[in-house]
Amino acid sequence: MKKTIINSDQAPKPIGPYNHSVLVGDLLFISGQIPFNQATETLVTTGIEDEAKQVMANLKAILTAAGMTFENVVKATIFLTDMNDFAKVNEIYGSFFQAETAPARECIQVVKLPRNVNVEISMIATK
Ligand SMILES: C=C(N)C(=O)O
């Protein structure tokens with residue numbers, strides 16, 4: 001099995017022993033992204049919509065580094081600290097996909113996320 005590590009300098013530096021993404025065959029496994037803005041080196045704390053937008057921007061940067069787009073995404077996992085944010089996050093997340101071809105997905109409420117953020121999203125994409 002050949003693993004190719006793909007990182008992006010436009011996405012937040014990993015905060016643990018992981019890489020932004022790992023390509024195995026045609027599958028790209030993208031680590032969960034939190035709302036950290038690498039350009040300003042700050043966490044986005046201005047509300048769940050802004051957090052979700054930053055997470056999607058980080059995911060886009062990693063997809064771009066791998067030569068992919070959101071069109072390539074086949075699976076997503078959304079972690080929320082408050083399921084009451086579901087509708088707001090859905091609206092932002094949904095703006096990146098066509099409903100007919102949107103990836104498979106699950107959405108899970110968790111007690112806590114790294115750096116006390118309110119949303120984290122991981123993805124799997126394919127060439
Ligand atoms: C933010 C992460 N993806 C992590 O800590 O694993």
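Residues: numbered from 1 along the sequence shown. Not measured: the values here are computed from a predicted model. Read the numbers this way: they start at 1 and go in the same order the structure lists the ligands and their atoms. Reckoned from all heavy atoms, side chains included, excluding hydrogens, waters and symmetry mates.
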(Q) Quick one about N118 and T81 (side-chain donor to acceptor, distance below 3.5 Å, no hydrogens or angles considered), yes or no? (A) yes
Q. Could an N or O of ligand 1 be found under 3.5 Å from any N or O of P114, whether backbone or side chain?
A. no
Q) Which protein heavy atom lies closest to atom 2 (C) of ligand 1, and at what distance to 0.1 Å? A) Y18 OH, 3.2 Å
Q) With a 4.0 Å cut-off on heavy atoms, is E120 touching ligand 1? A) yes
Q.
Determine whether a donor-acceptor pair (N or O, by modelled atom type, separation under 3.5 Å) exists between the side chain of T77 and the backbone of S122.
A. no
**Q.** From NZ (K75) to CG (L27), nearest 0.5 Å
**A.** 12.0 Å
Q: Please report which non-hydrogen protein atom sits nearest to atom 3 (N) of ligand 1, along with the residue it belongs to and the distance in Å to one decimal place.
A: G32 O, 2.9 Å
**Q.** Cluster link F97 to M68, ILVMFWY, side chain under 4.5 Å
**A.** yes
